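One structure is given here, and the rest of the page talks about it.
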Amino acid sequence: MQMVGRNYFLKPKGAVTVLLLTVTYITSYVLYFSYTTPGQANSYLYWLERKLKVRPSYVYQGASMQEENEETYFPANLRVLSNETCPEKFYEMNGKMSVNVDEINLDKLNLQFSGKVKYGGNWSPEDCIPKWNVGFLIPFRNRHYHLPILLRHLIPMLMIQHIKFTIYVINQEGNQRFNRAMLLNVGYLEALKMKHHDCFIFHDVDHLPENNRNYYGCTDMPRQFRVLLDVNDYSLEYPTFFGGVTGLTTEQFKKVNGFSNEFWGWGGEDDDLYARVNKLGYNVSSATPTRGRYSTLQKNHHQESQNLGRFNLLTSSIERNSIDGLNSLRYQPATIETHKLFTNISVDLQPVRMLKKT
Ligand code: BGC
């Protein structure tokens, strides 16, 4: 008797089709994922590179290891005179800090700092003359869950470091894609309309410093504070990385004409700033790898999708420097609200024209 049955084994043509479909599906998924979740995609890439042992162990080019070895912190009993400049190395700056990523309600946090931090997010040490008057600029859009966690962590650290500060949250309104760089330009100008600052620190809302010896003041060179990140297994992205948490004096930022206004979406604006800073002959100074460690907040976070045009834009960083930045910035009047622990600057950003080359 002849058996009649179906052949369950695919013919070679069918197998190739299935293989091609699977490869197309996986490739599209990977491309879609890296487009919509760029930060996480980068972390996976670095992880893979480490596994395959093709990732060099980078050293940030501005890091001074001498700084790392200096242990000359104040002894516990030493007091500073009130007419003296606050030193950078207080006894309480004892290194590693514990990082608490638990959710906290802003009202509860306001109570915690009430009577200590002044309205608008202002604080100044009273036992010595602060070395820097720092404006902290936090670019922001829908990160209400992250902000109180950052403030709970950052404020006590700044107090220990005796830094005079004002915290500004620069909130992007409207429907345009997120423009971190332009927000920071707006924050810089608006902050200076309200107050004198000699140093600005651009601080991502989801970055929590892990070491309180990472001194949040400026230097005579633009500064990279965030060197290593937990999600990247504490490895450096690349030697010229200049994102996350960086700082420039008011003067330095003016000289480099601020950030470019052209970067809509995730990525590139920090690389562009690095090019500007370099063009003006600054060597970026950097926190050491031990001090420049940060934890990231990842929960409840919808990431901004990649700006694919950034690679092209980055080829003209130097040429755009003088026509695209603080001098070409235009924006609708910003709304300023004074909260207990920060000053909120809300602004609807629209693309601006670059100035004409003279
Ligand atoms: C982006 C930078 C970003 C870096 C992080 C680069 O591709 O252009 O903006 O900070 O990746 O890994």
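In listed order, ligands and their atoms are each counted from 1. Since we're looking at a predicted model, the values are computed, not measured. The first residue in the sequence is number 1, and the count goes up from there.
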Min heavy-atom dist Phe263 to ligand 1 below 4.0 Å: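 For ligand 1, residue contact (heavy atoms, under 4.0 Å) with Phe263 is absent.
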
Sub-4.0 Å heavy-atom contact, Gly267 with ligand 1: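 True for this residue.
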
Close-contact set for ligand 1 against Gly268 heavy atoms, below 4.0 Å: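 Listed by number with element, the hits are 1 (C), 2 (C), 8 (O), 9 (O).
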
Per-atom contacts of ligand 1 with Tyr46, taking only distances under 4.0 Å to non-hydrogen atoms: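 Under 4.0 Å from Tyr46, ligand 1 has these atoms: 12 (O).
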
Tell me the protein heavy atom at minimum distance from [atom], and give that distance in Å.
{"atom": "atom 7 (O) of ligand 1", "answer": "Arg310 NH2, 3.1 Å"}
{"atom": "atom 5 (C) of ligand 1", "answer": "Asn42 ND2, 3.6 Å"}
{"atom": "atom 1 (C) of ligand 1", "answer": "Asp271 OD2, 3.5 Å"}

For ligand 1, the portion of Phe242 having any non-hydrogen atom under 4.0 Å away: neither

Part of Tyr238 with heavy atoms under 4.0 Å of ligand 1, whether side chain, backbone, both or neither: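 It is the side chain that gets close, since no backbone atom is under 4.0 Å.
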
Criterion side chain to side chain donor-acceptor pair (under 3.5 Å) on Asn261 and Asn185, from CA distance to verdict: CA-CA 8 Å; Asn261 299 308; Asn185 281 346; 2.9 Å; yes

Plane angle bin for His339 and Phe342 - parallel if under 30°, tilted between 30 and 60°, otherwise perpendicular: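 Parallel.
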
Geometric class of the Phe90/His162 ring pair [parallel <30°, tilted 30-60°, perpendicular >60°]: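 It falls in the parallel class, under 30°.
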
More than 12 heavy atoms of other groups within 6.0 Å of Glu319 CD: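 Atom CD in Glu319 is packed in, count exceeds 12.
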
Distance-only donor-acceptor check, side chains [X] and [Y], under 3.5 Å:
{"X": "Thr250", "Y": "Asp198", "result": "no"}
{"X": "Asp206", "Y": "Tyr294", "result": "no"}
{"X": "Asp230", "Y": "Thr296", "result": "yes"}

Test of proximity, Phe241 against ligand 1: N or O pairs below 3.5 Å: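 Between Phe241 and ligand 1, no N or O pair is found under 3.5 Å apart.
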
Closest to atom 10 (O) of ligand 1 (judged by heavy-atom distance), picking from Asp270, Asp272, Leu45: Asp270

Sole residue of Phe202, Tyr216, Phe200 in ring pair (Phe, Tyr, Trp, His ring centres under 6.0 Å) with Phe136: Tyr216

